[in-house]
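Below is one structure, written out as structure tokens; the observations come after it.
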Amino acid sequence: MTARVIDGKAFALALRDRVGAAVPAFQAATGRVPGLTVVIVGEDAASQVYVRAKGKATEAAGMASVTHRLPADTTQADLLALVTALNADEAVDGILVQLPLPRHIDESAVIDAIDPDKDVDGFHVVNSGRLAAGLPGLVPCTPLGCLMLLEDVLGDLSGLDAVVIGRSNIVGKPMAQLLTAKSCTVTIAHSRTRDLPAVCRRADILVAAVGRAEMIKADWVKPGATVIDVGINRIDADDPGGAGGTKLVGDVDFAGVSAVAGAITPVPGGVGPMTIAVLLRNTLVAAHLRAGLAPPAGL
Ligand code: GUN
């Protein structure tokens, strides 16, 4: 079998278009556009790239984008004061504090200072609790994007065996909650799991979020399974006689697993583009809920 390659880039662009198309109606109803404010502390190069991409995508969707760039020696108290001011600012629907933060700042103290109704990352414990309890709330962007791709490929997920490798608060745990809510039978596997290949082979849906380049091999995958690769790992490019350099690969051995799986996300171009698209979706949803409006259908 040669797996269908899931085009996350195209899906993400279509979602971004749907978000952008819903902005004028929100503006007509409220007299303002939805607004996302991003806060970045320090000079981490990868974070700078992500934050620029988030700002550009927000503007492209017709929403208001503000970025606060703070120096690496910003105190926790000053950062908390900014978050408090953004919580009180009516023009701000979404607040995203880019992680990682410098080591002298307690990340969970900052995340939990964000108004849960503006927490478009879905990282606040109130939003984790809402997700666990099956209540409406803001859901972390990457796992929600994975779920959208899975439902696009498979339709109804009810009764399927899902294995999520990775138990982070940002991906693994919310992914497992979302799949449980869709009536999958869910296993969360991690670094202490015994016989991980055998556990993975049970999966109709395999979500890899471990951060280890090409760890999941063809003989770990049930024939016909749908494989979602959340990993983004930079490794040396192995082009013999080439100029060296690096390339991006996922947590899944794409070449090997493509011969066994039914469908698979590539890296790059799979899950990655979904994260920003869902961030825009979450901002639009947060704006509607804050304004007492029903979020548009089909998002
Ligand atoms: N750093 C890397 N990815 C993310 C993300 O999705 N949200 C935040 N806040 N920081 C990140």
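Quick note: numbers below take in every heavy atom, side chains included, and nothing from hydrogens, waters or symmetry partners. Quick caveat, the model's predicted, so the values are computed rather than measured. Counting convention: from 1, in listed order, for ligands and their atoms alike.
Closest to atom 2 (C) of ligand 1 among all protein heavy atoms lies Q98 NE2, 3.7 Å. At the shortest separation from atom 10 (N) of ligand 1 among protein heavy atoms lies L99 N, 2.9 Å. D121 OD2, 2.6 Å is the protein heavy atom nearest to atom 9 (N) of ligand 1.
A donor-acceptor pair under 3.5 Å is absent between the side-chain atoms of T193 and the main chain of L196, judged by distance alone. Under a 3.5 Å cut-off, the side chain of R290 and the backbone N or O of K118 do not form any donor-acceptor pair.
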If you apply the rule side chain to side chain contact (heavy atoms under 4.5 Å, CB included), what do you find for I264 with V252, and how did you get there? CA-CA 9 Å; I264 184 169; V252 177; 4.0 Å; yes
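Remark: ligand 1 atoms within the under-4.0 Å shell around heavy atoms of F123 are 7 (N), 8 (C), 9 (N). Those atoms of ligand 1 that come under 4.0 Å of a heavy atom in L96, given as number and element, are 9 (N).
For A113 against V83, the heavy-atom pair with the smallest separation is O-CG1, 3.5 Å.
Counted within 6.0 Å of CD on E151, heavy atoms from surrounding residues, nucleotides or ligands total more than 12; the atom is thus considered enclosed.
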